[in-house]
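Below, each value reflects all heavy atoms present in this structure, side chains not excepted, and no hydrogens, waters or symmetry copies. For clarity, every value in this text was computed on a predicted model and none was experimentally measured.
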Amino acid sequence: MSIRDEIREQNQKVMEERSSKEKLKHFWHYYKVHVCVGIVILAFIVYLILHYTVFRPLPYAFAGYALNTNYYVADNTDPVDAFMQDFATHEGINTEEYQVFFDVSNALNTSSTHDYNIAIDMKLSKAGEHGDMDVIIGTEEQIAMYEINGFYRPPLNEILPEELYEELDEKDLIYYYNPEEYGTDYPIGIYIGDAPRIQALELYPEDAEPVLGIVSLSPRTDMAVDFVEYIFEEP
């Protein structure tokens, strides 16, 4: 018998004489790094499987953001949920396969440099630039501040059906960006304060003049147009 075999036999004999607790302690001493690495790898694999299967977020059928709404500090947003469910039904959207998203929880002060405002601005910018925003609703100033991000290129008159655009324009419901410089060739928003479904939802105070901008970076501008038509219908 070689020396190596004798050492192996001796170690095996020692291990057999140890208690289960001692054996476990010995195993942990020599193999704890391997065990920890294995657990981390396994956990990561499980996370990926769950993330892309069970917890995979549904793709957007519609995504909108409304700023400084009456629901910003409200505890009950059930009317907003019902509003979006009705829109989904109106459009024939299967909400088990797609999500209709309408965020009314953000307030933005266009003249503030507070950390909160910067965070909201970054959130909105990223959502629009990544195609995760179809419409944005706010004041004239709030809508205009995202023109530099390319949110409204091409402008509204190249997105809306000609008949709908002319109808809104005749009612003076078109918001033009910097008309002194661009004239009437650069419409970026629609005044929706008198839109029946917005009024029924009581999204804004009666004296507010909210403006809706269609984000042309979105891959769902057709759905955004449908949303405009929907809110101007009688409930």
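- At a threshold of 4.5 Å between non-hydrogen side-chain atoms, the residues Tyr186 and Tyr176 do not count as touching.
- No path of Ile, Leu, Val, Met, Phe, Trp and Tyr side chains, each step under 4.5 Å between heavy atoms, connects Met145 with Ile118, placing them in separate hydrophobic clusters.
- Annotation: cation-pi geometry not satisfied between Arg197 and Phe83 (NZ/CZ under 6.0 angstrom from ring centroid, within 45° of ring axis).
- Phe151 pairs by the ring-ring contact (aromatic ring centres under 6.0 Å, His included) definition with Tyr146, not counting sequence neighbours.
- Interatomic distance, CD of Glu140 versus OG1 of Thr110, reported as 11.5 Å (0.5 Å rounding).
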Mind running side-chain contact (heavy atoms from CB on, under 4.5 Å) on Leu173 and Glu167 for me, showing each step along the way? CA-CA 9 Å; Leu173 296 180; Glu167 179 184 348; over 6 Å; no

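- Here the side chains of Val80 and Thr69 are not in contact, with every heavy-atom distance at 4.5 Å or above.
- By the 4.5 Å heavy-atom criterion applied to side chains, Tyr65 and Val104 are not counted as neighbours.
- Ile137 has its side chain out of reach of Val211: every pair of non-hydrogen atoms, C-beta onward, lies at least 4.5 Å apart.
- Sorted pairs that involve residues 108-137 and meet ring-ring contact (aromatic ring centres under 6.0 Å, His included), not counting sequence neighbours, are lacking altogether.
- Residue pairs that meet the salt bridge (Lys or Arg N to Asp or Glu O under 4.0 Å) test with at least one member in residues 114-133, sequence neighbours left out, are Asp103-Lys123.
- The hydrophobic clustering, which links ILVMFWY residues whose side-chain heavy atoms are closer than 4.5 Å, places Val73 and Phe102 together.
- The ring-ring contact (aromatic ring centres under 6.0 Å, His included) check on Tyr71 picks up nothing, with sequence neighbours excluded.
- Every side-chain contact (heavy atoms from CB on, under 4.5 Å) that Asn76 has, sequence neighbours left out, goes to Asp78, Pro79.
- Sorted by first and then second residue, the pairs that involve residues 199-224 and meet salt bridge (Lys or Arg N to Asp or Glu O under 4.0 Å), not counting sequence neighbours, are Asp134-Arg220.
- When every heavy atom of Gly213 is checked against every heavy atom of Ile143, the shortest pair comes out as N-CD1, 4.3 Å.
- Distance check, rounded to the nearest 0.5 Å: CG of Leu108 to CD1 of Ile120 gives 7.5 Å.
- Proximity of Gln85 to Asp81: side-chain heavy atoms (C-beta onward) are nowhere separated by under 4.5 Å.
- Aromatic rings of Tyr152 and Tyr177 (six-membered ring for Trp) have centroids beyond the 6.0 Å cut-off, not under it.
- Listed by chain and number, the residues in a ring-ring contact (aromatic ring centres under 6.0 Å, His included) with Tyr204 amount to none (sequence neighbours excluded).
- Closest approach of Pro187 and Ile174 over heavy atoms only: CB-CG2, 3.4 Å.
- In terms of heavy atoms, Ser216 sits closest to Thr221 at CA-CG2, 4.1 Å.
- Looking at Ile136 and Val215, their side chains come closer than 4.5 Å, going by heavy atoms from C-beta outward.
- Sorted by first then second residue, the salt bridge (Lys or Arg N to Asp or Glu O under 4.0 Å) pairs that include residues 148-158, not counting sequence neighbours, are Glu147-Arg153.
- Residues Phe62 and Val135 form a side-chain contact, since some pair of their non-hydrogen atoms from C-beta on lies under 4.5 Å apart.
- Across all their heavy atoms, Leu156 and Gly189 have their closest contact at CD2-O, 3.6 Å.
- The NE2 atom of His90 sits 12.0 Å away from the CE atom of Met84 when rounded to the nearest 0.5 Å.
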Checking side-chain contact (heavy atoms from CB on, under 4.5 Å) for the pair Leu160/Val225: CA distance, chi angles, key distance, verdict? CA-CA 6 Å; Leu160 291 179; Val225 171; 4.0 Å; yes

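- Environment of OH in Tyr98: sparse, with no more than 12 heavy atoms of neighbouring residues, nucleotides or ligands closer than 6.0 Å.
- Here the closest heavy-atom approach between residue Pro196 and residue Glu233 is recorded as CB-O, 3.3 Å.
- Residues that satisfy the side-chain contact (heavy atoms from CB on, under 4.5 Å) test with Gln99, not counting sequence neighbours, are Leu58, Tyr60, Phe101.
- Residues meeting the salt bridge (Lys or Arg N to Asp or Glu O under 4.0 Å) test with Glu229, sequence neighbours left out: none.
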Set out, in order, the CA-CA distance, both residues' side-chain angles and the distance that settles side-chain contact (heavy atoms from CB on, under 4.5 Å) for Leu67 and Leu124, then state yes or no. CA-CA 10 Å; Leu67 307 176; Leu124 297 172; 3.8 Å; yes

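- The salt bridge (Lys or Arg N to Asp or Glu O under 4.0 Å) check on Glu97 picks up nothing, with sequence neighbours excluded.
- Listed here is the closest heavy atom pair of Gln142 and Asn68: NE2-OD1, 2.7 Å.
- With sequence neighbours left out, the side-chain contact (heavy atoms from CB on, under 4.5 Å) criterion links Ala195 to Ile192, Ile198, Ile231, Phe232.
- Using a 4.5 Å heavy-atom threshold, the side chains of Ile190 and Tyr175 count as separate.
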